[in-house]
Structure formats: C-alpha cells, structure tokens
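Below is one structure, written out as structure tokens, with a few remarks after it.
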Amino acid sequence: MADDKYKIQKIDDYRWRIPREGKMRVDGIVYADEQMLKEIQKDESLQQVINVAHLPGIVGYSLGMPDIHWGYGFPIGGVAAFDIDEGVVSPGGVGYDINCGVRLLRTDLYQRDITNKMESLVNTLFANIPSGVGSHRKDLKLSLQDEKNVLRNGARWAVSQGYGTKEDLEHIEEQGCISEADPELVSDRALERGRAQLGTLGSGNHFVEVGYIAEVYDEEIARILGLEKDGITIVVHTGSRGLGYQVCDDSIRVMINASRKYNIELPDRQLCCAPINSPEGREYLAAMACAANYAFANRQMITHWVRESFESALHIGPKESQISLIYDVCHNIAKFEEHIVEGEKKRLCVHRKGATRAFPPNHPHTPDAYKSVGQPVLIPGDMGRCSYVLVGTEKAYADTFGSTCHGAGRVMSRNQAVKVSKGRSIAQELKEKGILVRADSRATLDEEIPEAYKNVTEVVNIVEHAGISKKIAQLKPLCVIKG
Amino acid sequence: MPKYILIDHTADIGIDVFGASVQELFANAAFALFDIITDLSKVEGEIEYKISISGIDKEQLLVNWLHELLYLHDVKNLLFNDFCVVDITDNQLNAVVRGDVITEDKHVIKTEIKAVTYHCLSVIRDNDCWKARVIFDL
C-alpha cells in the first residue's frame with residue numbers, strides 16, 4: 001500500500017515496515033491489517049513509532065501493536081527494547097500510570113448461579129471497592145512505614161496483611177514484586193499521593209468486570225488455565241494511582257535535564273530519557289519498581305474485596321466460589337529481560353507502553369502451572385463487547401521481544417465520545433444488552449462508550465494471525481463497576 | 001476570545017489556551033484544568049493558597065504550575081476556581097489561587113486527570129495574544 005505521509009512497506013498481511021531514514025536508528029514495524037492501518041494513520045501514532053526509533057541504543061525495531069494509538073511521547077501500544085550498555089530508559093516509554101495492568105480471576109460458579117443475584121453483586125462490588133476521585137476504604141490506614149513496605153514488597157505485602165493467598169503470588173508477573181525497588185528514591189509528594197489511594201480503582205478506563213466464558217478456542221489449554229465455557233470470571237484493571245503519576249512526573253523533570261546533560265537529541269520533549277547505566281536511569285528504574293509494586297498490591301487488595309463481595313452477595317463461602325487468580329499482567333512497564341538479538345543472547349531493557357508481555361511455553365518466567373502452554377495474556381475490550389484470554393508464543397519471543405497488544409485501543413477522543421453519547425443513557429443501553437454498570441461518574445460512562453474503542457476482536461485476530469499470541473477464550477461482560 | 005478550547009487527542013484531552021498577557025494565559029490554563037475536572041459553578045473559592053513555582057523555561061513553568069494545582073487537588077481534596085498570577089518571568093511564577101475543599105454533596109468530579117504532559121507542549125506569543133497547548137493524561 002502506498003502512502004504519502006510515511007514510506008510504509010508491506011511485510012506480510014499483518015506487518016508493515018516504516019524504513020529507517022534520517023536520524024532513525026532502526027526501522028519501525030507495526031502489526032495491523034490493511035484496513036486497520038488506514039485507521040491508525042488517522043492520528044499521529046506512526047510518527048510516534050518513528051520518534052521512538054530515534055532514541056539511543058534502541059535494538060531491533062520500534063514496534064507498534066494493532067491497538068496502537070496516539071499517546072504522549074511514545075505511542076500507546078508501543079514496544080521498544082534498549083541495549084543495557086548503550087541504551088536509554090524513558091519514563092515516557094512506561095507512562096504515568098506505571099504498571100497499569102489487568103488480572104483475571106476464575107471461579108467455580110456458572111452463569112446460572114449468579115443470574116438472579118446480579119443486582120446485589122454489582123452493588124456490593126461497588127460499595128466494597130473504592131472507585132472515583134477521592135474515595136478510599138475507611139478501614140485502611142497506612143503509616144509511612146507501611147507504605148514503604150508496599151513499595152518494597154508489592155503483592156507480597158498485601159498477602160502478608162491477609163489480602164489473598166500465597167498461591168496468588170505465583171500467578172502474577174514478577175510474582176507481584178520487582179526486586180530493584182528503593183522507596184528512598186520516591187519523593188515525599190508521591191508517597192503522600194499514594195498513601196490515601198492504595199486499594200482504590202481510580203476512574204477513567206479502570207474497572208472491575210464480572211463476566212462469563214462465552215467461547216473456548218482451545219479446550220486443552222483452557223483446561224490447563226482453569227477456564228470452562230459458561231464459567232464466571234472477573235477482570236480487574238487498574239494501576240499505581242497518584243503515586244505512579246507522581247513518580248513519572250518527578251522523573252520526567254529529572255530526565256529533561258538528563259537528556260541535555262548526556263546530549264540526547266529528542267524529537268519530542270516527552271521522550272526525555274537517560275542512559276540505563278547513569279545515576280538518573282538507575283534511580284528512575286528503582287522508583288518505577290516502587291510504583292509497579294504499589295500497583296501489584298493495589299490489584300491484590302481489590303481481588304480480596306472481590307472475593308468478599310461474591311461471598312456476601314451470593315451468601316456462599318470461599319470453598320463454593322473458589323475464586324482463584326489465573327494471571328496478572330503489567331501493560332505499562334520497563335523490564336530487564338533476556339532476548340536473542342541477531343543470534344546472540346542479550347540483556348535488554350524492554351519498554352512496554354500499552355503492550356503486554358507474552359512469553360512462550362517453557363520460558364523461565366512463564367509460571368510453573370502454565371509452562372506447557374505459555375504465559376496467559378489478558379486483553380480487555382470495551383464495556384459492551386468482550387475480552388480475550390490468549391497465551392504467549394515462541395514467535396512473540398522471537399519477533400516482538402515477547403510482547404503483544406493490551407486492549408482495544410481508542411478510536412474516538414473522549415471529547416468526541418461525550419458528544420456522541422449526549423442525550424443517551426449509556427447505563428440503560430448496556431442494561432438492555434444484559435450488562436449492569438455502576439459508575440462513580442456519568443461522564444466516565446459517556447467517555448467509555450463501546451463505540452469509542454476499536455473492536456477488540458479485530459485487534460486480537462491480528463496478533464493471533466501474526467502468531468505473536470494464541471487465542472484461548474472469549475469473555476463476555478455481565479456487570480461492571482467503574483470509577 | 002475564549003479562555004480555552006478543547007482539542008481532540010485520541011487517548012487523552014488537550015487544550016489550546018489564550019490570553020492577552022502571559023499572566024492571563026497561565027490563569028486561563030488553570031481555569032481550563034479545573035473546568036475539565038469539575039462543574040466550576042459549584043466552586044465558591046473559600047480558601048486561599050499562595051503558590052510559587054519555577055521552571056527552566058515558559059513551557060516547563062506552565063506544566064509545573066498546572067501540576068502543582070493538580071497535586072493540591074489530589075492530596076488536599078481541593079477544587080480551584082480563581083487564579084491570579086501576580087508576577088511571572090520565564091523561570092518563576094507567583095500566584096494566589098482560591099478554591100474549596102471537595103464536598104461530596106456539593107461538588108461533582110467530571111474527569112480524573114492523571115497528569116500534565118510535555119507532549120506537543122507550546123507557549124507562543126502571536127501578535128497581541130499569547131497561546132499555549134497542553135495535553136493532559138487521563
């Protein structure tokens with residue numbers, strides 16, 4: 001396909017190359033089909049793929065996943081890996097919501113077990129899980145010391161306080177704790193913002209969704225993951241709240257100066273960065289790890305309240321509900337990982353901004369329970385359609401630094417979405433489709449209307465056809481709480 | 001001339017801000033921030049805060065100014081409706097702002113803004129008018 005603005009070359013039906021030119025250090029590669037590529041070109045996201053390709057020490061390609069859209073600095077749906085010795089780390093390549101991520105829970109319940117109790121269930125979840133601006137659990141008070149323990153230990157801290165079980169930890173990326181975290185590098189402001197917000201969902205596109213398994217594409221793998229048709233599932237999507245935003249903001253200020261200090265030429269100030277091996281780079285990574293751990297703890301605590309909500313709303317015990325964690329993935333993160341580059345094993349710093357790790361079967365970081373099938377990948381859609389469970393593949397490991405898409409990706413700005421939803425009751429429309437929604441703010445629902453997103457099915461089909469993930473099951477929503 | 005207009009940005013929200021002077025530009029940018037967050041007609045301005053901010057240039061000064069207000073909003077549960085930029089240079093700003101502590105029954109939160117970004121950031125003088133562009137992360 002010819003294009004005037006960018007010199008895009010077709011690699012195959014699902015991959016497009018933006019050849020290196022000017023000061024780009026590597027090619028850009030975007031995963032999309034022809035139709036989706038046209039959509040992608042409506043905003044500036046391809047320019048952002050090109051901008052990222054300018055950064056020092058970038059290895060292989062600047063990658064765009066099919067849910068790519070215009071972000072700030074890095075595109076959302078972007079993956080970039082950097083050489084440890086020559087490369088940089090960029091807070092903009094992780095984003096403000098550090099370790100924003102998704103976890104999937106399974107249950108022993110079926111749709112028939114909750115059909116008549118849905119109203120009570122959604123209300124209980126909404127009452128128990130703080131959402132929206134300024135809300136928090138009245139029974140949770142953190143001292144500064146507690147908070148620093150959260151930053152050091154992540155989900156492990158939550159489990160040690162009675163939020164969930166040790167088994168949960170095995171089913172979280174990094175076992176719910178990035179070890180390089182140093183709370184002394186987190187500013188007082190970040191700590192202050194984080195203290196009151198632990199165990200809260202936040203607003204925007206964050207949610208807790210109860211759904212059921214509508215389709216199973218691979219029975220054998222689904223069984224190993226613990227998924228069965230009509231089984232009830234829960235998806236939790238949230239991140240590191242104000243603490244993460246503040247860590248990112250603090251770091252960007254440092255990095256703007258660092259970029260000058262190390263003579264790094266930037267096509268966009270938001271791409272500011274520092275060498276991985278510089279004091280600024282190391283300090284960012286240690287503070288980022290704190291925010292990532294906070295997010296792991298946050299999702300772990302919310303999981304505990306999901307379990308409590310099911311038990312109280314359905315009048316059942318934990319033995320009957322059997323709510324267990326399938327997996328928890330980060331989709332805004334930078335990580336040290338080993339990959340094969342030009343036939344050689346190398347340690348790289350992989351930035352995933354709106355992208356999910358998708359490690360193959362038998363990889364040391366794929367949890368033991370899933371060694372034979374690959375790491376579970378969770379792709380939430382919009383509130384009205386569906387979400388997917390996939391697993392990572394060898395091809396993802398070889399071609400995309402073990403990465404895949406993270407969600408549907410917006411096609412409509414929030415402003416447009418609010419205009420489109422004017423005069424409509426989104427909650428009522430969803431109710432007519434059998435989906436109960438509770439939201440702290442009506443504006444959130446309007447901004448998050450299903451039409452504002454790409455169809456997640458199209459996104460997931462591309463990563464499946466391109467071979468960077470394998471589709472296992474489709475989940476459909478029954479009730480959702482949002483901020 | 002409007003104080004600001006919203007610009008479409010796929011994932012987030014952006015503003016183009018206008019002012020007859022730099023002081024007015026910075027005050028209008030702050031107004032836009034809280035106009036996006038809340039219904040400002042419900043905010044009375046009962047509390048006064050003095051704010052001093054520095055930055056390496058006008059662009060960073062604008063981000064730091066908005067960020068400071070966002071921080072106070074987040075940590076002290078405040079909504080601001082009145083912004084007086086007392087004096088401003090390329091690197092320094094002193095302002096007096098007024099706002100209320102958020103009361104659940106009185107105030108509404110329309111949108112949570114996570115951060116003020118540096119993406120597409122600009123502050124320019126165009127003849128007699130100052131213009132700025134800022135993208136917020138939602």
Side-chain angles (χ1 to χ4, degrees), chain A residues 42-45 48 69-77 92 95-97 132-135 189 192-193 195-197 202-206 239 241-242 244-246 248-249 252-253 256-257 260 268-272 354 409-416 418 440-444 446-447 452 483, chain B residues 4-16 34-39 53-57 59-64 66-68 70-79 101-104 107-123 133-138:
Chain A
K42 286 183 184 164
D43 68 24
E44 297 295 319
S45 47
Q48 295 188 318
H69 54 278
W70 193 17
Y72 35 88
F74 278 63
I76 296 162
Y96 286 92
D97 197 353
V133 176
S135 63
R189 286 201 158 190
E192 196 179 358
R193 288 179 78 172
R195 206 162 318 144
Q197 292 182 355
S203 78
N205 60 357
H206 295 155
R241 313 287 291 109
Y245 318 157
Q246 186 70 40
C248 180
D249 199 88
I252 283 175
R253 283 178 218 214
I256 285 176
N257 293 328
R260 291 182 180 184
D268 178 347
R269 206 191 282 216
Q270 190 76 36
L271 290 174
C272 60
R410 287 191 81 94
V411 283
M412 224 182 253
S413 73
R414 292 169 203 258
N415 200 15
Q416 282 170 301
V418 170
D440 193 59
S441 123
R442 197 198 139 122
T444 301
D446 290 353
E447 287 171 4
Chain B
Y4 78 98
I5 53 170
L6 286 176
I7 52 170
D8 276 342
H9 185 279
T10 326
D12 301 305
I13 203 162
I15 49 169
D16 276 344
F34 285 93
D35 200 29
I36 293 168
I37 294 174
T38 190
D39 176 356
I53 291 293
S54 57
I56 54 173
D57 52 26
E59 281 83 7
Q60 200 191 37
L61 193 62
L62 181 61
V63 170
N64 291 353
L66 296 176
H67 182 264
E68 182 70 16
L70 198 56
Y71 160 79
L72 290 169
H73 159 65
D74 203 27
V75 169
K76 310 235 187 266
N77 274 320
L78 292 165
L79 290 168
V101 174
I102 299 175
T103 311
E104 219 171 290
H107 301 114
V108 281
I109 302 296
K110 294 191 293 185
T111 305
E112 183 192 13
I113 293 184
K114 287 181 186 165
V116 184
T117 78
Y118 291 86
H119 175 58
C120 297
L121 175 67
S122 69
V123 177
R133 171 166 288 189
V134 188
I135 311 280
F136 300 120
D137 182 31
L138 299 188

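None of the values given here were measured: they were computed from a predicted structure. Per chain, numbering begins at 1; letters A, B, ... match sequence-line order.
- Each of B/D39, B/N77, B/L79 was checked for a side-chain contact (heavy atoms from CB on, under 4.5 Å) with B/H107, and the lone residue meeting it is B/L79.
- Under the rule for a side-chain hydrogen bond (donor to acceptor under 3.5 Å, both in side chains), the partners of A/E44 that lie at least two apart in sequence or sit in another chain are A/K5.
- With sequence neighbours excluded, the residues that form a side chain to side chain contact (heavy atoms under 4.5 Å, CB included) with B/V134 are B/I15, B/L62, B/L66, B/V116, B/L121, B/F136.
- Side chains of B/D74 and A/Q197: a donor-acceptor N/O pair is present below 3.5 angstrom, by distance only.
- Here the side chain of B/E112 pairs no donor or acceptor atom with the backbone of A/G202 at under 3.5 angstrom.
- Under a cutoff of 6.0 Å and an axis angle of 45°, A/R193 and A/Y245 do not form a cation-pi pair.
- Counting heavy-atom pairs closer than 4.5 Å to chain B, the top residue among A/D249, A/D43, A/I252 is A/D249.
- Of the atoms belonging to A/L271, not a single heavy atom falls under 4.5 Å from chain B.
- Ranked by heavy-atom pairs under 4.5 Å with chain B, the first of A/K42, A/R269, A/Q416, A/E447 is A/R269.
- For A/D446, no part sits under 4.5 Å from any heavy atom of chain B, backbone or side chain.
- Contact count versus chain B (heavy atoms, under 4.5 Å) is highest, among A/R189, A/E192, A/R253, for A/R189.
- Both the backbone and the side chain of B/Q60 come within less than 4.5 Å of a heavy atom in chain A.
- Contact count versus chain A (heavy atoms, under 4.5 Å) is highest, among B/I56, B/I37, B/I135, for B/I56.
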